[in-house]
**Q** 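Encoded as structure tokens, here's the structure I'll be asking about.
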Amino acid sequence: RIEARTGFVELHQTICEAAGVLPSSRTIGPMQQVETFAMRLGRARGMRFPSFFGYEGGARRTDGDEDTSKLFDGAFVLKPTRLGIIENVHVCDFSRLYPSIAQTWNLSFETLYKRATEVAPGEERPPGVCVAPGSGHWFRTEPRGLLPFVFDEMLRQRAIHDDVKKALPPGSPAWNDADRLSTAYKNMTNAAFGVTGSRWSRLFQVEVAESMPLGGAHLIQRVIAEGEREGIETF
């Protein structure tokens with residue numbers, strides 16, 4: 001009866017099909033789903049990934065003696081300054097904020113060029129290198145990194161199935177199939193950020209993981225500043 005109301009098991013089956021993993025209790029976690037999807041795309045691009053033997057076996061990335069598994073700043077959240085019913089309120093929302101940041105600044109573990117702590121004062125960036133806003137880490141702009149490519153493909157697949165849904169009668173078996181596939185890719189897109197920030201993942205790179213929320217905070221604060229310049233109060 002629970003499955004008839006929620007469809008969780010059927011959705012899990014669909015996510016596993018999209019990711020290329022076996023439907024089991026082990027693959028309920030998003031890391032298995034996103035990692036396998038990314039590794040399949042990476043293999044098609046000629047990439048090789050290190051063997052994974054668990055956290056102590058080398059999944060953690062370090063820079064010399066520096067432990068890069070340290071915690072990093074997360075999302076920027078404003079505390080409310082006004083209470084009660086407020087009129088004439090406009091909500092500003094970023095569409096796919098973290099995927100857009102990764103795609104724009106080519107954030108990926110293999111595109112990392114230089115950490116912010118390694119940049120000398122006044123050092124000029126070479127051509128083909130960009131600075132991730134907020135974190136200050138430098139990333140190569142070419143070739144397209146694996147993580148942006150993963151987001152590209154997930155969003156492309158979701159758009160395909162959304163278009164299929166539009167052409168079908170809502171609630172029909174084919175519509176339900178397309179809806180589950182669209183939701184599957186949406187869920188994996190939302191989970192990809194967390195996977196890059198997990199020190200148990202092959203895709204872990206702390207500079208990538210922290211550049212997404214810090215980049216988001218930078219963009220939000222820029223919007224707030226522009227709004228205040230125009231006399232718009234933020235609360």
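Scope of the values below: all heavy atoms of this structure, side chains included, with no hydrogens, waters or symmetry mates.
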**Q** Hey, could you give me the OG1/CD distance between T111 and E142, rounded to the nearest 0.5 Å?
**A** 10.5 Å
**Q** Taking E110 for the side chain and L146 for the main chain, is one N or O donor matched with an acceptor at less than 3.5 Å?
**A** yes
**Q** Can you tell me if T27 uses its side chain to pair, donor with acceptor, with the backbone of L22 under 3.5 Å?
**A** yes
**Q** If you count every heavy atom of other residues, nucleotides or ligands that lies below 6.0 Å from R5 atom CZ, does the total exceed 12?
**A** no
**Q** What closest approach, in Å, do T36 and A19 show between heavy atoms, and which atom pair accounts for it?
**A** CG2-O, 3.7 Å
**Q** In Å and rounded to the nearest 0.5 Å, what is the CZ to CE distance from F37 to M154?
**A** 5.0 Å
**Q** With a 4.5 Å cut-off on side-chain heavy-atom distances among I, L, V, M, F, W and Y, is there a chain of contacts connecting F149 to L155?
**A** no
**Q** Are M212 and L112 joined in one hydrophobic group, where the rule is that I, L, V, M, F, W and Y side chains link up if heavy atoms are under 4.5 Å apart?
**A** yes
**Q** Would you indicate whether the side-chain heavy atoms of R144 and R45 approach each other to under 4.5 Å?
**A** yes
**Q** Distance check, rounded to the nearest 0.5 Å: F49 atom CZ versus R202 atom CZ?
**A** 8.5 Å
**Q** Do you know which two heavy atoms are closest between C130 and W105, and how far apart they sit?
**A** SG-O, 3.5 Å
**Q** Could you list the donor-acceptor pairs under 3.5 angstrom formed between side-chain atoms of residues 158-170 and any protein atom two or more places apart in sequence or on another chain?
**A**
| from | atom 1 | to | atom 2 | distance (Å) |
| --- | --- | --- | --- | --- |
| D162 | OD1 | S182 | OG | 2.6 |
| K165 | NZ | D179 | OD1 | 2.9 |

**Q** Keeping H137 on the side-chain end and A116 on the backbone end, is there a donor-acceptor pair under 3.5 Å?
**A** yes
**Q** So, taking the atom named CD in E228 and the one named OG1 in T234, what distance separates them when rounded to the nearest 0.5 Å?
**A** 5.0 Å
**Q** Would V223 and I232 show up in the same hydrophobic cluster when neighbours are defined by side-chain heavy atoms closer than 4.5 Å?
**A** no
**Q** Report, as yes or no, whether the 6.0 Å neighbourhood of atom CD1 on I86 holds more than 12 heavy atoms from other residues, nucleotides or ligands.
**A** yes
**Q** Sub-3.5 Å donor-acceptor pair from the side chain of Q32 to the main-chain atoms of G29, do we have one?
**A** no
**Q** Are F139 and V129 linked, directly or through intermediate hydrophobic residues, by side-chain heavy-atom contacts shorter than 4.5 Å (ILVMFWY only)?
**A** no
**Q** Checking E3 side chain against E10 main chain: does a donor-acceptor pair fall under 3.5 Å?
**A** yes
**Q** With a 4.5 Å cut-off on side-chain heavy atoms, are L147 and F109 touching?
**A** no
**Q** What closest approach, in Å, do W138 and V131 show between heavy atoms, and which atom pair accounts for it?
**A** NE1-CG2, 3.4 Å
**Q** If we only count heavy atoms from C-beta on, is the R43 to R40 side-chain gap below 4.5 Å?
**A** no
**Q** Roughly how far, to the nearest 0.5 Å, is CD1 of I15 from CE of M188?
**A** 7.0 Å
**Q** If you measure from OG1 on T14 to CG on D177, what distance do you get to the nearest 0.5 Å?
**A** 7.5 Å
**Q** Kindly work out whether a path of hydrophobic side-chain contacts (I/L/V/M/F/W/Y, heavy atoms less than 4.5 Å apart) joins V195 to I28.
**A** no
**Q** Please report the shortest heavy-atom distance between L11 and A184, naming the atom on each side.
**A** CD1-N, 4.2 Å
**Q** Checking side-chain polar atoms at under 3.5 Å, does S201 have a donor or acceptor matched by the opposite partner on E35?
**A** yes
**Q** Ignoring hydrogens and angles, write down the donor-acceptor pairs under 3.5 Å from the side chains of residues 97-104, residues two or more places apart or on other chains.
**A**
| from | atom 1 | to | atom 2 | distance (Å) |
| --- | --- | --- | --- | --- |
| S100 | OG | S95 | O | 3.3 |
| S100 | OG | R96 | O | 2.7 |
| Q103 | NE2 | D152 | OD1 | 2.7 |
| T104 | OG1 | S100 | O | 2.7 |

**Q** G197 and F204: which non-hydrogen atoms are nearest, and at how many Å?
**A** C-CD1, 3.8 Å
**Q** So which pairs with a foot in residues 186-198 pass side-chain hydrogen bond (donor to acceptor under 3.5 Å, both in side chains), sequence neighbours left out?
**A** none
**Q** Closest heavy-atom contact between R140 and N106?
**A** O-ND2, 2.7 Å
**Q** Quick check on F8: does its CZ atom have over 12 non-hydrogen neighbours (other residues, nucleotides or ligands) under 6.0 Å away?
**A** no
